[in-house]
**Q** 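Have a look at this one.
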Amino acid sequence: MSGYPVDMKQKTNVEAFFDEATNTISYVVSDPDTKTCAVIDSVMDIDYAAGRITYEHADKIIAFIRENGLTLEWIIETHVHADHLSAAPYIQGSLGGKIGVGDQILVVQDTFGKIFNEGTEFQRDGSQFDALYKDGDTYKIGSLNAFAMYTPGHTPACMVHVVGDAAFVGDTLFMPDGGSARADFPGGDAGELYDSILKVLKLPDDMRLFMCHDYGPNGRDIAWETTVGEEKEHNIHVGKGKTREEFVKFRTERDATLGVPKLIIPSLQVNMRAGEVPRDPDGNPMLKVPVNKL
């Protein structure tokens, strides 16, 4: 497995939290031996039309961690999401833990710092986060061994996080009948996404894969867990040996038909700041709307 320290003998507990408003699944992954845990891809609620932010989804996660006597070590973002806002600092304020993201966040901050005209006061060095993962970096969740895989394509800062026998794929993959995520955001690349998916599919066939999103295609119930073997056999975009050229052609044509995510403007401004809402010169939380920039 190409040098990554896979350890399928380590069994993880995974609890999923589905956010119906954004079709996002957040996770608490925990070590049954030490009662330590990590939160992956949390969600902060927003009524964008009203400019109102609340924390019902994050409060469910916090309550679960407290009720189960868990200690939070990590709050991980698989990438800078464009379709929901991160609740990382809210959860950190309640439970502690360190916020981590891929080290290519600097590329995202530079790209969108310009689009949102953030000025020199907006640091583009990833310093808003506690940890910047590089490809192959290892870390611990209690006694569990975890590592990060660099998987660009959907965005330039995407990472898959593997914890024991479970991998959290972010938007690198969807469920087999959902295929893959778009690759047309600034810095995205369909060819790189294909290469990243193949990297994930080199993990053991019985590796559990946990999605960041599901939209219940063809009317089925929402789902978020599958395996590498199932994706290799049944993924409608890359399964059964589809070539890179076939994937790039399909992905490019499909992405050209997709609208902009409805929460992309607040999501990018907040998520490139590790979940902090930007503030105006008077210290008030404030979001911008760049015109004809996205």
Side-chain angles (χ1 to χ4, degrees), residues 1-17 25-42 61 64-65 68-79 88 95-104 129-154 157-176 195-212 223-235 238-239:
M1 177 48 223
S2 64
Y4 291 111
V6 176
D7 184 358
M8 295 294 290
K9 294 179 181 178
Q10 287 200 316
K11 305 303 180 186
T12 58
N13 291 338
V14 179
E15 186 73 17
F17 298 81
I25 304 104
S26 306
Y27 297 99
V28 175
V29 53
S30 61
D31 175 9
D33 293 330
T34 64
K35 304 284 280 185
T36 55
C37 70
V39 171
I40 298 177
D41 290 335
S42 63
I61 293 173
F64 173 84
I65 290 173
N68 287 275
L70 302 174
T71 299
L72 180 60
E73 289 193 344
W74 288 99
I75 306 166
I76 294 168
E77 303 292 341
T78 55
H79 61 292
L95 299 174
K98 294 180 288 188
I99 302 172
V101 73
D103 67 340
Q104 294 304 302
F129 298 83
D130 299 307
L132 301 179
Y133 303 110
K134 296 181 175 63
D135 185 38
D137 274 356
T138 61
Y139 60 98
K140 304 282 283 190
I141 303 172
S143 64
L144 295 175
N145 296 314
F147 66 88
M149 299 173 63
Y150 182 46
T151 53
H154 173 60
C158 287
M159 306 291 281
V160 169
H161 288 263
V162 181
V163 187
D165 64 343
F168 300 87
V169 301
D171 286 9
T172 301
L173 271 171
F174 288 161
M175 293 293 288
D195 297 340
S196 293
I197 291 172
L198 290 197
K199 184 191 288 189
V200 174
L201 298 186
K202 288 180 180 177
L203 292 166
D205 280 356
D206 54 348
M207 174 70 73
R208 297 186 294 158
L209 300 181
F210 292 90
M211 311 295 111
C212 183
W224 46 76
E225 180 178 352
T226 183
T227 65
V228 167
E230 286 292 315
E231 291 282 14
K232 286 162 70 173
E233 184 66 21
H234 299 297
N235 186 286
V238 297

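For clarity, every value in this text was computed on a predicted model and none was experimentally measured.
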**Q** Can you confirm whether or not the ring centre of Phe147 sits under 6.0 Å from the ring centre of His161?
**A**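 Ring centres of His161 and Phe147 not closer than 6.0 Å.
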
**Q** Would you say the ring centers of Tyr133 and Tyr150 fall short of 6.0 Å from each other?
**A**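 Not under 6.0 Å, so no.
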
**Q** Are Lys199 and Asp135 packed together at the side-chain level, in the sense that at least one heavy-atom pair is separated by less than 4.5 angstrom?
**A**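 They are in side-chain contact.
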
**Q** Enter the distance from Ile197:CD1 to Asn235:CG here, rounded to the nearest 0.5 Å.
**A**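 Rounded to the nearest 0.5 Å, the CD1-CG separation comes to 6.5 Å.
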
**Q** Is there side-chain contact between Cys37 and Asp31, with heavy atoms separated by less than 4.5 Å?
**A**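 Side-chain contact under 4.5 Å: no.
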
**Q** Could you check whether any side-chain heavy atom of Asp206 comes within less than 4.5 Å of a side-chain heavy atom of Thr227, counting everything from C-beta outward?
**A**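 No, their side chains stay 4.5 Å or more apart.
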
**Q** Strictly distance-based, threshold 3.5 Å: is any side-chain N or O of Arg208 a donor or acceptor partner for the main-chain N or O of Thr12?
**A**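 Checking the backbone N and O of Thr12 against the side chain of Arg208, a donor-acceptor pair under 3.5 Å is found.
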
**Q** Counting only N and O atoms by type, is there a donor-acceptor contact under 3.5 Å from the side chain of Glu233 to the main-chain atoms of Pro176?
**A**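 Such a contact is absent between Glu233 side chain and Pro176 backbone.
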
**Q** Are any non-hydrogen side-chain atoms of Thr226 and Glu231 less than 4.5 angstrom apart?
**A**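 Thr226 vs Glu231: side chains touch.
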
**Q** With no hydrogens and no angle check, is any side-chain donor or acceptor of Glu73 less than 3.5 Å from a backbone partner on Gly142?
**A**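 The answer is yes, because a donor-acceptor pair under 3.5 Å joins these two groups.
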
**Q** Could you check whether any side-chain heavy atom of Trp74 comes within less than 4.5 Å of a side-chain heavy atom of Ile40, counting everything from C-beta outward?
**A**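 The answer is no, as the side chains (C-beta and beyond) never meet within the 4.5 Å cut-off.
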
**Q** Is the number of heavy atoms from other residues, nucleotides or ligands within 6.0 Å of NZ (Lys232) greater than 12?
**A**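 Yes, because the 6.0 Å sphere around NZ of Lys232 holds more than 12 heavy atoms from other groups.
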
**Q** Where do Val162 and Ala167 come nearest, in terms of heavy atoms and distance?
**A**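 So the two residues come closest at CG2-CB, 4.0 Å.
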
**Q** Backbone N or O of Leu70 within a donor-acceptor pair of the Asn68 side chain at under 3.5 Å?
**A**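 No.
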
**Q** Is Met159 close to His79 at the side-chain level, that is, under 4.5 Å between some pair of heavy atoms?
**A**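 Heavy-atom side-chain distance check fails, nothing below 4.5 Å.
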
**Q** About how many Å separate OG of Ser42 and CD1 of Ile76, when rounded to the nearest 0.5 Å?
**A**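 So the CD1 of Ile76 and the OG of Ser42 are separated by 11.0 Å.
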
**Q** Counting distance only, does the side-chain N/O of Asp137 pair as donor-acceptor with the main-chain N or O of Lys134 below 3.5 Å?
**A**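 Yes; at least one donor-acceptor contact below 3.5 Å.
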
**Q** Any side-chain heavy atom of Val39 sitting closer than 4.5 Å to one from Ile61?
**A**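 Of all side-chain heavy-atom pairs linking Ile61 with Val39, at least one is under 4.5 Å.
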
**Q** Are side-chain heavy atoms of Val29 and Phe210 found at a separation under 4.5 Å?
**A**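 Sidechains of Phe210 and Val29: no contact.
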
**Q** Quick one: do Asp41 and Thr78 satisfy side chain to side chain donor-acceptor pair (under 3.5 Å)? Show the steps, please.
**A** CA-CA 7 Å; Asp41 290 335; Thr78 55; 2.8 Å; yes

**Q** As an exercise, state the distance from SG of Cys212 to NE2 of His154, rounded to the nearest 0.5 Å.
**A**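 One finds 8.0 Å between SG of Cys212 and NE2 of His154.
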
**Q** Measure the spacing between OG of Ser30 and CZ of Phe64 and express it to the nearest 0.5 Å.
**A**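 Answer for the OG-CZ pair, Ser30 versus Phe64, is 6.0 Å.
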
**Q** Say you draw a straight line from SG of Cys158 to CE of Met149; how long is it, rounded to the nearest 0.5 Å?
**A**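 The SG atom of Cys158 sits 12.5 Å away from the CE atom of Met149.
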
**Q** What's the separation between atom CD in Gln10 and atom CG in Leu144, rounded to the nearest 0.5 Å?
**A**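 One gets 5.0 Å once the value is rounded to the nearest 0.5 Å.
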
